[in-house]
Amino acid sequence: QVQLEESGGGLVQAGGSVRLSCAAFGRTSSTYAMGWFRQSPGKERTFMAAIDWTGTKTYISDSVKGRFTISRDNTKTTSYLQMNGLKPEDTAVYHCAATYTRTLHAPQVEDAYNYWGQGTQVTVSS
């Protein structure tokens, strides 16, 4: 129904900033909630941030609150993860996710999302 493509990853210095983008293609809707997760080798995929379909309610993991923010552009069906003050431990593959719903009950749970991007690598050097 929908395909997600992440972009914006790469190699950055500690303390730097990166903005990741997630573009949706296919049969999209303005009622898609979107989220971001990340996964490092040998670790579980963990929740980073999510945003509801209106773009007015956001959820941020406590581990990155104050450094990461999420936003969306419903017209372009794109979500953004702005990452500031990057640390080496932020190194991971970042995945975009989406689900067709007006109410996101459990934004931190992977099963809440129906669609996933392939991920984009972010590497933070010390």
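The model shown is predicted, which means the values in this text are computed figures rather than measured ones. If you read the sequence from its start, that first residue is 1, and numbering goes on from there.
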Closest non-hydrogen atom pair, Ala50 against Tyr113: CB-OH, 3.5 Å
Aromatic ring proximity, centroids under 6.0 angstrom, Phe47 and Tyr59: no
Taking every non-hydrogen atom, the tightest pair across Gln39 and Lys43: NE2-O, 3.2 Å
Any donor-acceptor pair under 3.5 Å from Ser40 side chain to Thr91 backbone: yes
Val122-Leu4 co-clustered via ILVMFWY side chain contacts under 4.5 Å: yes
ILVMFWY network linking Ile51 to Tyr32, side-chain heavy atoms under 4.5 angstrom: yes
Geometric class of the Trp116/Phe37 ring pair [parallel <30°, tilted 30-60°, perpendicular >60°]: tilted
Pairwise side-chain contact, Tyr80 with Asp73, heavy-atom cut-off 4.5 Å (strictly under): yes
Non-hydrogen side-chain atoms of Thr120 and Glu5 separated by less than 4.5 Å: no
Interatomic distance, Leu20 atom CG to Arg38 atom CZ [nearest 0.5 angstrom]: 11.0 Å
Hydrophobic cluster identity match, Met83 and Met34, side-chain contacts under 4.5 Å: yes
Cluster overlap Trp53 with Leu104, hydrophobic side-chain contacts below 4.5 Å: no
Any donor-acceptor N/O pair, Thr58 side chain to Ile70 backbone, under 3.5 Å: no
Transitive ILVMFWY side-chain link Trp36 to Val93, under 4.5 Å: no
Atom CD of Glu89 with >12 non-hydrogen neighbours under 6.0 angstrom: yes
Test: Lys87 and Asp90 ion pair at under 4.0 Å: no
Identify each donor-acceptor pair in which a side-chain atom of residues 6-19 lies under 3.5 Å from a protein atom, sequence neighbours left out, and give them as a table.
residue, atom, partner, partner atom, Å
Glu6, OE1, Gln118, N, 3.3
Glu6, OE1, Gly119, N, 2.9
Glu6, OE2, Cys96, N, 2.8
Glu6, OE2, Gly119, N, 3.1
Gln13, OE1, Ser125, OG, 3.3
Gln13, NE2, Ser125, OG, 3.2
Ser17, OG, Asn84, OD1, 2.9

Heavy-atom pair of closest approach, residues Asn114 and Thr99: OD1-OG1, 2.7 Å
Exam field: side chain Arg67 to backbone Gly85, donor-acceptor pair closer than 3.5 Å: yes
Any Met48 side-chain heavy atom under 4.5 Å of Ser63 side chain: yes
Under 3.5 Å: donor-acceptor pair, side chain of Thr101, backbone of Thr103: yes
